[in-house]
Amino acid sequence: MLATLSQVCTLHAPFEKDLEDYAAGACRAVELWLGKLETYLQSHSLRQVRELVAEYQLSLPAASYQGGLFVAEGAARDAHWAHFQRRLQLCEELDIRTLIVAGDLAGPLDSAAFDRLRDSLHEAAERAVARGVRLAFEFQAGASFANNLQTAASLIAEISKPNLGICLDAFHFYNGPSKTEDLGLLTTENLFHVQLSDVAGVPREWAKDADRILPGDGDFPLAPLIKRLQTIAYEGAVSVELMNPQMWQISPRQFGEIAITALRKILGQAQN
């Protein structure tokens with residue numbers, strides 16, 4: 001498994017500072033936060049991004065995240081899909097293999113909403129394959145549909161596109177209606193990306209993204225999840241993903257060292 005840090009963990013730091021400081025803390029893989037990348041590219045070039053990645057000897061296994069593909073209609077939908085197309089090009093040009101797509105389906109659930117979700121995922125996968133990019137569908141605990149691993153796995157299997165798989169976010173897995181036995185649905189074929197975090201002392205009905213803390217520091221029973229990854233010999237990226245404003249006050253250097261150590265401990269990997 002590839003121990004990875006998400007740039008959203010240090011959201012207020014400059015894009016280039018993340019890369020420098022994560023690398024200094026012995027992190028070798030970064031999940032790019034697309035908003036940060038796009039801000040950096042307003043005054044820099046893709047060539048400069050590649051140079052930074054090469055200088056710090058990093059890999060970029062995934063980028064996060066694309067939203068709005070399932071909830072918008074009309075002109076708003078067109079804008080989201082145009083943005084998606086530009087991001088696919090960025091992933092292709094930076095050799096980012098996996099783009100995470102948020103399952104942000106909101107509002108009342110009816111057959112039209114389900115059809116839109118399925119058809120949009122199908123279309124998104126077709127657009128992505130033309131760019132050599134895989135899409136990792138992240139089911140979300142608060143969504144009106146596909147808010148659990150079982151339904152997400154069934155949806156991915158029904159669409160049956162080899163470049164469409166699952167992003168397993170531990171926060172959404174444990175705070176939503178998923179069950180531990182659902183982990184048995186994960187395979188090397190359908191699991192494209194994993195994101196870990198934890199929550200302490202907060203009922204899962206009340207847990208928010210801002211409550212995320214480092215994996216292993218809270219109440220989530222992460223052991224069954226890690227065991228499943230080991231059982232299927234998962235070799236992809238496992239990232240720490242926190243949206244905690246308190247964490248954003250920590251420098252990328254300090255956070256990177258602490259987070260990559262905590263992640264490797266969870267994964268049972270020796271520090272290198």
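Heavy atoms only: backbone and side chains are in, while hydrogens, waters and symmetry mates are out.
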Whether [X] side chain and [Y] backbone form a donor-acceptor pair below 3.5 Å:
{"X": "R50", "Y": "L94", "value": "no"}
{"X": "W248", "Y": "M243", "value": "no"}
{"X": "Q249", "Y": "Q246", "value": "no"}

So do the side chains of L41 and L90 get within less than 4.5 Å of each other, counting heavy atoms only? yes
4.5 Å side-chain heavy-atom contact, D198 and Y174: no
Look at K208 together with D211 and state whether they make a salt bridge at an N to O cut-off of under 4.0 Å. yes
R253/E257 ion pair, N-O < 4.0 Å: no
Mark yes or no: R212 above the aromatic ring of F171, with NZ or CZ under 6.0 Å from the six-membered ring centre and no more than 45 degrees from the axis. yes
Tell me which donor-acceptor pairs under 3.5 Å the side chains of residues 11-19 have, and how far apart each pair is, sequence neighbours excluded?
unit_1 : atom_1 : unit_2 : atom_2 : d
D18    : OD1    : T10    : OG1    : 2.8
D18    : OD1    : K36    : NZ     : 3.4
D18    : OD2    : Q7     : NE2    : 3.2
D18    : OD2    : K36    : NZ     : 2.4

Which of parallel (below 30°), tilted (30 to 60°) and perpendicular (above 60°) describes Y40 and H44? parallel
Name every donor-acceptor pair, under 3.5 Å, that has one atom in a side chain of residues 158-167 and the other anywhere in the protein, sequence neighbours excluded.
unit_1 : atom_1 : unit_2 : atom_2 : d
K161   : NZ     : E126   : OE2    : 3.3
N163   : ND2    : A125   : O      : 2.9
N163   : ND2    : V133   : O      : 3.2

Taking atom types as modelled, find out whether H83 and E38 have a side-chain donor-acceptor pair closer than 3.5 angstrom. yes
